[in-house]
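Everything numeric here is computed off the predicted structure, so don't read it as measured data. Quick note on labels: first sequence line is chain A, next is B, and so on, each numbered from 1.
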There are 2 protein chains.
Amino acid sequence: MSTGFEKHDHGTCVATSIKAAEDHCAAHKLQLTPVRRRVLELLLEGHKALGAYDILPTLAAEGLGSQPPVVYRALDFLQSNGFAHKVEKLNAWTACMHPGEDHNPAFMICSDCDMVAEIPASPVTGDLGRAAEKMGFSINTAVIEVEGTCPSCQEVKTT
Amino acid sequence: MSTGFEKHDHGTCVATSIKAAEDHCAAHKLQLTPVRRRVLELLLEGHKALGAYDILPTLAAEGLGSQPPVVYRALDFLQSNGFAHKVEKLNAWTACMHPGEDHNPAFMICSDCDMVAEIPASPVTGDLGRAAEKMGFSINTAVIEVEGTCPSCQEVKTT
DNA sequence: GCGTCAAATGTAATATTATAACATGAGAGC
DNA sequence: GCTCTCATGTTATAATATTACATTTGACGC
């Protein structure tokens with residue numbers, strides 16, 4: 001699975017994720033309803049993070065709901081089932097690139113092109129986990145988001 | 001400097017931070033105005049993160065300003081000069097525990113008692129930095145926040 | 001079929017967080 | 001005293017998110 005920054009077959013990328021969501025829902029008796037499915041598709045369109053209010057007009061135009069709770073509910077569903085993540089720094093959501101796998105996501109956010117790449121993080125076993133353990137702090141969830149410049153945007157700058 | 005979770009002389013804690021802010025301002029020709037100073041004091045009161053709208057009523061009661069921009073400006077000032085940090089996960093701010101030092105903060109947030117501890121993080125040299133370097137991603141800022149249970153709240157639960 | 005229950009959706013209203021824009025004031029340096 | 005910069009006062013509004021309650025739909029047991 002790609003991280004998003006390098007070149008990749010994005011069609012496969014999308015198909016894989018949708019398929020993973022369908023399978024997971026089938027296996028766990030969850031409903032991937034039209035709204036939920038469409039929101040996931042929108043999140044998958046680019047490797048960007050979308051705000052709830054970026055998504056809402058599209059849903060409204062397609063007759064899938066026009067009020068904020070509609071999109072927030074869909075995002076909650078996707079997030080709690082591991083199909084999407086919230087990027088706290090951006091107050092925005094992005095599709096999960098490792099659906100089905102148990103993972104702690106970390107994000108790299110390019111401030112030039114707004115691309116968001118999800119990479120595996122393992123805070124519990126990493127530096128941070130060791131620091132927490134030392135202090136007797138028990139980690140539940142971790143927010144790890146770095147902002148900077150992605151490889152392609154660095155190239156653009158230097159050429 | 002304490003992290004906040006363990007027992008400590010909080011008076012010293014506050015005094016040290018205020019002093020550091022005063023010194024830094026004197027050295028850099030910055031003004032630690034009444035509003036700014038008061039906001040810093042409020043952030044230092046407990047090792048908690050405060051939202052802008054938690055702070056505003058106090059400022060208003062003390063005649064230091066009653067409109068949102070007042071508190072946001074003060075927070076911007078404190079943050080850009082390294083006296084406070086924003087905790088993205090909470091949309092709230094906390095006083096810096098290592099003022100004057102060049103550091104990448106990480107936070108441990110106790111979801112039971114709301115205590116926030118700042119610990120040093122070094123993403124650029126740590127696991128995350130290595131991952132970023134490998135991908136050719138250049139890090140500008142890092143948000144590292146873990147949420148879980150602090151030592152004292154774990155004790156309470158088990159007794 | 002029919003009742004009933006849970007999950008999902010529709011909708012109005014409102015809460016919370018944050019910023020834009022412009023006017024006013026206060027002090028430093030000339 | 002002039003002017004320039006920084007800080008503050010104030011109004012309005014933007015952006016993000018949730019509460020609360022009504023309605024619909026489909027599964028399941030009877």
Side-chain angles (χ1 to χ4, degrees), chain A residues 21-22 24-40 42-43 48-81 83-94 114 143 145, chain B residues 21-22 24-40 42-43 48-81 83-94 114 143 145:
Chain A
E22 283 171 346
H24 180 92
C25 286
H28 295 78
K29 304 201 178 189
L30 297 167
Q31 303 178 46
L32 191 61
T33 61
V35 191
R36 293 170 176 176
R37 190 194 177 93
R38 190 70 183 112
V39 171
L40 179 56
L42 292 171
L43 291 181
K48 314 237 160 159
L50 297 180
Y53 288 81
D54 295 329
I55 296 168
L56 194 50
T58 305
L59 295 184
E62 297 175 357
L64 291 169
S66 59
Q67 301 301 322
V70 171
V71 63
Y72 281 103
R73 282 172 188 149
L75 289 167
D76 281 352
F77 173 85
L78 295 174
Q79 183 167 17
S80 44
N81 292 290
F83 308 142
H85 302 292
K86 181 171 188 189
V87 183
E88 297 291 342
K89 179 74 186 245
L90 303 175
N91 290 326
W93 285 262
T94 187
D114 295 327
V143 174
E145 301 169 359
Chain B
E22 283 171 346
H24 180 92
C25 287
H28 294 78
K29 303 203 177 188
L30 297 168
Q31 302 177 45
L32 191 61
T33 61
V35 191
R36 294 170 175 176
R37 188 194 178 93
R38 189 70 184 110
V39 171
L40 179 56
L42 292 171
L43 291 181
K48 314 237 161 159
L50 297 180
Y53 289 81
D54 295 328
I55 296 169
L56 195 50
T58 306
L59 295 185
E62 297 175 357
L64 290 169
S66 59
Q67 301 303 320
V70 171
V71 63
Y72 281 102
R73 283 172 186 148
L75 289 167
D76 281 352
F77 173 86
L78 295 173
Q79 185 169 16
S80 45
N81 292 290
F83 307 141
H85 301 292
K86 182 171 186 188
V87 183
E88 297 291 341
K89 179 73 188 242
L90 303 176
N91 289 326
W93 285 262
T94 186
D114 295 325
V143 174
E145 301 169 359

query: Quick one: the side chain of A/R73 and the base of C/dT11, do they pair up donor-acceptor inside 3.5 Å?
result: yes
Which of B/K86, B/K89, B/E88 passes side chain to side chain contact (heavy atoms under 4.5 Å, CB included) with A/K89? Answer is B/E88
Next on the checklist: Tell me whether B/R36 contacts the main-chain N or O of B/Q31 through its side chain, where contact means a donor paired with an acceptor under 3.5 Å.
Outcome noted: yes
Can you find a side chain N or O atom of A/N91 that sits less than 4.0 Å from OP1 or OP2 on D/dA17? yes
* Is any N or O donor-acceptor pair between the side chain of A/Y53 and the base of D/dA17 shorter than 3.5 Å? -> yes
- Message: I'd like to know if the side chain of B/D54 and the backbone of B/G51 have a donor-acceptor N/O pair within less than 3.5 Å.
- Response: yes
Between B/T33 and D/dT8, does any side-chain N or O lie under 4.0 Å from OP1 or OP2? yes
Please work out if A/L59 contacts a base, only the sugar-phosphate, or nothing of the nucleic acid, heavy-atom cut-off 4.0 Å.
nothing
Taken to the nearest whole Å, NZ/B/K89 to P/D/dT16 is 18 Å
note: B/Q67, atom CD; C/dA18, atom C1'; distance rounded to Å ~ 13 Å
In whole angstroms, the gap separating C1' of C/dA18 from CG of A/L90 amounts to 15 Å
A/L30 atom CG is separated from C/dA6 atom P, nearest whole Å, by 17 Å
Whole-Å distance, B/I55 CD1 to C/dT16 C1', equals 15 Å
Taken to the nearest 0.5 Å, the spacing of B/H85 NE2 from B/L43 CG works out to 11.0 Å
5'-most contact on DNA chain C (nearest-nucleotide basis), B/D76 vs A/L64, goes to A/L64
Checking D/dG9, D/dT18, C/dA18 against the side chain of B/Y72 (C-beta onward), the nearest is C/dA18
Here the distance between atom P of D/dA17 and atom CG of A/L50, to the nearest Å, is 13 Å
B/L75 atom CG is separated from D/dA7 atom P, nearest whole Å, by 15 Å
Of the listed D/dT18, D/dC6, C/dT9, the closest approach to the A/V35 side chain comes from C/dT9
Just call it for A/K29: base, sugar-phosphate, or nothing, with non-hydrogen atoms closer than 4.0 Å on any strand.
nothing
A/Q79 CD to D/dT18 P, in whole Å, measures 10 Å
Among C/dA8, C/dT19, C/dT11, the one nearest any side-chain atom of B/P69 is C/dT19
* Return no unless some side-chain N or O of B/K86 is found under 4.0 Å from OP1 or OP2 of C/dA18. => yes
(message) Walk me through whether A/L75 and A/I55 qualify under side-chain contact (heavy atoms from CB on, under 4.5 Å).
(response) CA-CA 10 Å; A/L75 289 167; A/I55 296 168; 4.2 Å; yes
When A/S66 and A/Q31 are each assigned the nearest nucleotide of DNA chain C, the 5'-most assignment goes to A/Q31
